[in-house]
Every structure is written in C-alpha cells, then in structure tokens.
Amino acid sequence: GLMNIVPSRYHLEELFSIRIPGIDYLILIIVIFAVGLLVRSYMGKKIISWGETVLDKIPVVRTIYVASKQLTHAMFSDDSSSFKEVVLIEYPRRGIYCIAFVTGATKGELQEKTSEHLINLFVPTTPNPTSGFLLMVPREDVILLDMAVDEAFALVVSGGTYTPQEIKKLIAEEK
C-alpha cells in the first residue's frame, strides 16, 4: 500500500498496536489537503515566491519556467484572451487534419517578413495537451470550429475516443 514509502517504525500499527483498514489513504488525503492550505496561506505564498526567485537566477531554467507558467496561465485562466477559439487545420500535410487553439495574432518581425496575415496556433499533443507545437498559419487556412475549448481539450487528452457530443453529455451530467 501507500505506507510502504513510510518507514515501518512510523506506521500507526507499530505506534498504537491497532490496524485500521484504509487509514493510509485517509492520511494521504489529509496531507494533500494540508499542503493545499499551506500553499494558499501567506507562508505558502512566501515559499513559492522564494522558489521562483531561485529559479529566476538559473538562466535556461528561468526561460523555460516563465514560458511554461505563461502557457499554463493562458490555457487554464478564464481572463486570458488566448485559447478562446478552436480551429481545424491541415497539419502535418494536406488531407490530414488536427485541432489547434488560436493564441493570438502573429506580430513583429515574424509578421513583417511574410505577405500573408498570420495567426499563432498552439497544436497540443495527446495525451498531454500542455506540450505541443507553435504554428504561424495564414488566417484563411484555418477552419473555425463551434467546439468549446474544454471539449477540444477532452478530445485531445482522450486521443479522440470521446466525440464532442459525448463530452457535452458528460459535462451536462456533472452539473
């Protein structure tokens, strides 16, 4: 069980000579809840801030951490303007389609060097949608979908085993 990671001298059975089935799972849930409370508290925020300060001092790690943090914020935040549109594109070649999320308009040098109006797309990978590809695609080459972002993420994570209709049904049942 879970208690195999804890030295035997600290098991409740050893300390109190009683056996309660499932106590290790209950303790795990309590520990996770306590860690959650700690992280949300003032002290927890200080610890996270200190950890970010340490990461900020490591050049390559800093860049990866900041980019990952921004991607996660854009994907899961309601106030972000990114990841609000789901599109279908022909990728990696004509005749093969994949789902992508519009993350914004292509700007600066990247747009200036091309004659077409480009948009930035994030193409997630299955089953981990936080990894993927950044593509800059002409606006006229994308097919805008009516699919909700959470439905598209569920479709990607499931490897296509759930259709948008099945996902809508599951979401309705949860409410």
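This chain uses plain numbering: 1 for the first residue, then up along the sequence.
- Remark: Val60 engages Ile64 in a side-chain contact (heavy atoms from CB on, under 4.5 Å) (not counting sequence neighbours).
- Here the straight-line distance linking atom CD of Glu85 with atom CG of Leu145 works out to 10.0 Å at 0.5 Å rounding.
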Verdict with reasoning, Leu121 to Ile119, per side-chain contact (heavy atoms from CB on, under 4.5 Å): CA-CA 6 Å; Leu121 300 179; Ile119 57 172; 3.8 Å; yes

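- Remark: the Asn120 side chain and the Thr106 side chain contain an N/O donor-acceptor pair separated by less than 3.5 Å.
- Hydrophobic clustering of Ile, Leu, Val, Met, Phe, Trp and Tyr side chains at less than 4.5 Å, counting indirect connections, keeps Trp50 apart from Leu55.
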Worked verdict on Asp141 versus Ile89 for side-chain contact (heavy atoms from CB on, under 4.5 Å): CA-CA 7 Å; Asp141 288 350; Ile89 60 169; over 6 Å; no

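- Atoms CG and SG, on Leu135 and Cys98 in that order, are 7.0 Å from each other to the nearest 0.5 Å.
- Looking only at side-chain heavy atoms (C-beta outward), Glu116 and Val137 stay at 4.5 Å or farther from each other.
- Rounded to the nearest 0.5 angstrom, Tyr91 OH and Tyr97 OH are separated by 16.0 Å.
- Atom CD of Glu140 has more than 12 heavy atoms from other residues, nucleotides or ligands within 6.0 Å.
- Put simply, the side chain of Glu151 does not reach to within 4.5 Å of the side chain of Val86, judged on heavy atoms.
- Using modelled atom types, one side-chain atom of Glu90 and one backbone atom of Gly95 make a donor-acceptor pair closer than 3.5 Å.
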CA sep, side-chain torsions, deciding dist, call: Met136, Leu134, side-chain contact (heavy atoms from CB on, under 4.5 Å): CA-CA 7 Å; Met136 285 151 255; Leu134 167 65; 3.9 Å; yes

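- Gln111 contributes a side-chain N or O that, together with a main-chain N or O of Leu118, makes up a donor-acceptor pair within less than 3.5 Å.
- Between Phe101 and Phe153, the two ring planes are parallel [angle under 30°; tilted spans 30° to 60°].
- Side-chain heavy atoms closer than 4.5 Å link hydrophobic residues (I, L, V, M, F, W, Y) into clusters, and following such links, possibly through other members, connects Phe133 to Val102.
- Every residue meeting the side-chain contact (heavy atoms from CB on, under 4.5 Å) condition with Val156, not counting sequence neighbours, appears here in chain and number order: Pro124, Thr126, Pro129.
- In terms of modelled atom types and a separation under 3.5 Å, the side chain of Ser158 and the main chain of Ala154 share a donor-acceptor contact.
- Here the closest heavy-atom approach between residue Thr125 and residue Gly132 is recorded as CG2-CA, 3.8 Å.
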